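Predicted, not measured: the structure shown is a model, and the values here were computed from it.
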Amino acid sequence: MGMAKKVIEQTMGREIKLRRAIGFWELTFTGVGIILGAGIYVLIGQAAGMAGNAVWLSFIFAAIVAAFSGLSFAELSSLFPKAGAEYIFTEKAFNKRLAFIIGFLLLVAPIISSAAVSLGFAGYFNAFFHTPIIPIAIALIGFFAFLLFYGIKESVWFAVTCAIVETLGLILIIILAVPSLGSVDYFELPAESGFAGVLSAAALIFFAYIGFDDIVNMAEEAKNPTRTVPRATIAAIIISTILYVLVAIAAVSVMGWQELGQSTAPLADVASQSFLGGNAFIILGVIALFATANTVLLILLVASRMTYGMAKERSLPSFLAKVHKTRRTPWVAIALLCLLAACVVLIGNIKTVANMTNIAILTAFFVINCSVISLRYKKPNAGRKFKIPLNIGRFPVIPFLGAISCVLIAAQIELEVIIFGIGLVIVGFLVSYLFIKRE
């Protein structure tokens, strides 16, 4: 397939491109900010109820699944350092139809999840200021629409600042738990679920790792992307996993899995049992505001780049690839996604969003791992700046394990959510006929 014709905006006779302004550490901490996000502040309680004191093992299992796919993203990003990464990877490995379906899944998921997390932000904001939920959620999305339009450098620095606050919040939990370390059996499992509960918790916790893949969608704005993007992807997974495991051990040390599993604000409850006492709600509440806001910003940032990348490849309307002449950001894609997210906010209650997002992401990850295998045979001599280790001839073992692990994790998700995912695939397949020709 030939290269699709680029959508060009002319200024002084030259194409307007995205600004390359992000270095390794900015990219890494952007990834860490997306991964840490808001999930850990809620999911750890539910996961502990399923896995017991061994919930830290669930984080490790989920990290292994993420790492398998992370290595696949790293290799593919060294070959094709472009925005709309998952779409590009799938198109090069298979065809435009499947690429559109994957892109469609990865556009629907962030619209739903950004709306849900915006409502979460508004809930915390309401606890402090007694403000209405929906208007605050929409205002947050509106503010980020402006910030994303204004510039990538400013957006990333805002995200990095929030990521530092989130990280400090998790480190605070770890420090507060030091006196309690060793007080419980860290391999104690719930009698009713046993080790199966650890695997089920890993499926839920996988939502907390979603985000490392988003790093590749900023490749066109990264400095030296063929080197920077793979390294930042792996670094973000490692940093996040270390923090997650330490927080999990700290939480069960302070509360024990039974009490933790019944908590609706698990980390706030962990902190409240420390010397901070009643101040814990305020401290953790403020940190949660940073965490939820950062998650919304980064979801919208990456989704806008996916939209822009697909439009450049002419699998979405070409006007979505327009770049602002002075701000050099994909302003039309940003505006559309933020508008759709604001519309979803009006529903006011989005159930099972974590697993709805998981099923879409796992489907995409399965295809991405398969794309590495396909391209090893279709383009064996391509200039890979990063190549996954552990191969049998041309066959890469780790992407194969990544694809299998995606299936195993998806099998832990509720049947109705799996049906929802199948429905999304069918819709994506039908919608693809509006934009691409039969191959």
**Study point:** Check: F187 and W56 side chains under 4.5 Å, non-hydrogen atoms
**Key:** yes

Review point. Any Lys/Arg nitrogen of E91 or K96 sitting under 4.0 Å from an Asp/Glu carboxylate oxygen of the other?
Key: yes

Review point. For the atom pair CZ (R384) and OG (S77), what is the distance rounded to the nearest 0.5 Å?
Key: 12.0 Å

**Study point:** Qualifying residues under side-chain hydrogen bond (donor to acceptor under 3.5 Å, both in side chains), relative to S304, sequence neighbours excluded
**Key:** none

Review point. Considering only heavy atoms from C-beta outward, does the side chain of W257 approach that of P190 to under 4.5 Å?
Key: yes

Review point. Is there a side-chain contact between L140 and I136 (heavy atoms, below 4.5 Å)?
Key: no

**Study point:** Y87 vs L316 side-chain heavy atoms within contact, under 4.5 Å
**Key:** no

Review point. Are Y150 and S155 side-chain neighbours, meaning at least one heavy-atom pair lies under 4.5 Å?
Key: no

**Study point:** Interatomic spacing from CZ in R376 to CD1 in I388 - rounded to 0.5 Å
**Key:** 6.0 Å

Check your understanding: If only atom types and distance count, is the side chain of T329 paired as donor or acceptor with the main-chain N or O of G151 below 3.5 Å?
Key -> no

Revision key, fill the gap. Interatomic distance, CD1@I35 vs OH@Y244, rounded to 0.5 Å, equals 7.0 Å

Exercise for review: Please name all residues satisfying side chain to side chain contact (heavy atoms under 4.5 Å, CB included) with T241, sequence neighbours left out, ordered by chain then number.
Suggested key: A63, Y209, I237, V245

Check your understanding: With a 4.5 Å heavy-atom cut-off, do K379 and L79 have their side chains touching?
Key -> no

Point to revise | Minimum heavy-atom distance between K92 and K378, given as atom pair plus value | key: O-NZ, 3.4 Å

Study note, to complete from the structure: Tightest non-hydrogen contact, residues A47 and A201, listed as O-CB, 3.7 Å

Exercise for review: Could you check if a side-chain atom of L71 sits within less than 4.5 angstrom of a side-chain atom of F386, using non-hydrogen atoms only?
Suggested key: yes

Check your understanding: After noting the C-alpha distance and the side-chain angles of T295 and F121, does the key distance pass the side chain to side chain contact (heavy atoms under 4.5 Å, CB included) rule?
Key -> CA-CA 10 Å; T295 300; F121 172 91; over 6 Å; no

Practice item. Work out which heavy atom in T233 is nearest to a heavy atom in G70; give both atom names and the distance. Key: CG2-O, 3.8 Å

Review point. Judged by atom type as modelled, is there a donor-acceptor pair below 3.5 Å linking the side chain of S183 to the main-chain atoms of S253?
Key: yes

Review point. CG of L181 to CD1 of I249: how many Å apart, nearest 0.5 Å?
Key: 8.0 Å

Review point. Under the 3.5 angstrom rule, does the side chain of N53 hit a backbone N or O of D185 as a donor-acceptor pair?
Key: yes

Practice item. Apply side chain to side chain contact (heavy atoms under 4.5 Å, CB included) to the pair S114 and I141, showing each step before the final yes or no. Key: CA-CA 9 Å; S114 63; I141 292 172; 5.5 Å; no

Point to revise | Plane angle bin for F104 and F100 - parallel if under 30°, tilted between 30 and 60°, otherwise perpendicular | key: parallel

Practice item. Test I361 against L106 for side chain to side chain contact (heavy atoms under 4.5 Å, CB included), laying out the working first. Key: CA-CA 7 Å; I361 297 295; L106 295 175; 3.4 Å; yes

Check your understanding: For the residue pair L300 and C338, what are the closest heavy atoms and their distance?
Key -> CD1-SG, 3.9 Å

Check your understanding: Out of curiosity, I422 CD1 to L424 CG, how far, rounded to the nearest 0.5 Å?
Key -> 10.5 Å

Exercise for review: Please name all residues satisfying side chain to side chain contact (heavy atoms under 4.5 Å, CB included) with E26, sequence neighbours left out, ordered by chain then number.
Suggested key: I22, K153, V156, W157

Practice item. Work out which heavy atom in I334 is nearest to a heavy atom in A145; give both atom names and the distance. Key: CG2-O, 3.8 Å

For residues 395-407, which side-chain donor-acceptor pairs fall under 3.5 Å, sequence neighbours excluded?
{"from": "S405", "atom 1": "OG", "to": "L401", "atom 2": "O", "distance (Å)": "3.1"}
{"from": "S405", "atom 1": "OG", "to": "G402", "atom 2": "O", "distance (Å)": "2.8"}

Study note, to complete from the structure: Value for CD1 (I287) from SG (C162), rounded to nearest 0.5 Å, stands at 12.0 Å

Exercise for review: Decide side chain to side chain contact (heavy atoms under 4.5 Å, CB included) for L170 and L267; before the verdict, give the C-alpha distance in whole Å, the side-chain angles of both, and the deciding distance to 0.1 Å.
Suggested key: CA-CA 9 Å; L170 297 181; L267 295 189; 3.9 Å; yes

Exercise for review: With the side chain counted from C-beta on, respond yes when L176 and V270 share a heavy-atom pair under 4.5 Å apart, and no when they do not.
Suggested key: no

Point to revise | Listed partners of Y186 passing ring-ring contact (aromatic ring centres under 6.0 Å, His included), at least two apart | key: none

Point to revise | side-chain hydrogen bond (donor to acceptor under 3.5 Å, both in side chains) contacts touching residues 363-375 (sequence neighbours left out) | key: S69-N369, S72-N369

Review point. What class does the angle between the rings of F206 and F365 fall in, given that below 30° is parallel, 30 to 60° is tilted and above 60° is perpendicular?
Key: perpendicular

Study note, to complete from the structure: Tightest non-hydrogen contact, residues G123 and I133, listed as CA-CD1, 3.7 Å

Review point. Would the number of heavy atoms belonging to other residues, nucleotides or ligands and lying under 6.0 Å from CZ of F290 be above 12?
Key: no

Point to revise | Side chain N126, main chain T131, donor-acceptor under 3.5 Å | key: yes

Review point. Is Y377 atom OH crowded by more than 12 heavy atoms from other residues, nucleotides or ligands, each under 6.0 Å away?
Key: yes

Exercise for review: Kindly say whether K223 contributes a backbone atom to a donor-acceptor pair with the side chain of T228 at under 3.5 angstrom?
Suggested key: yes

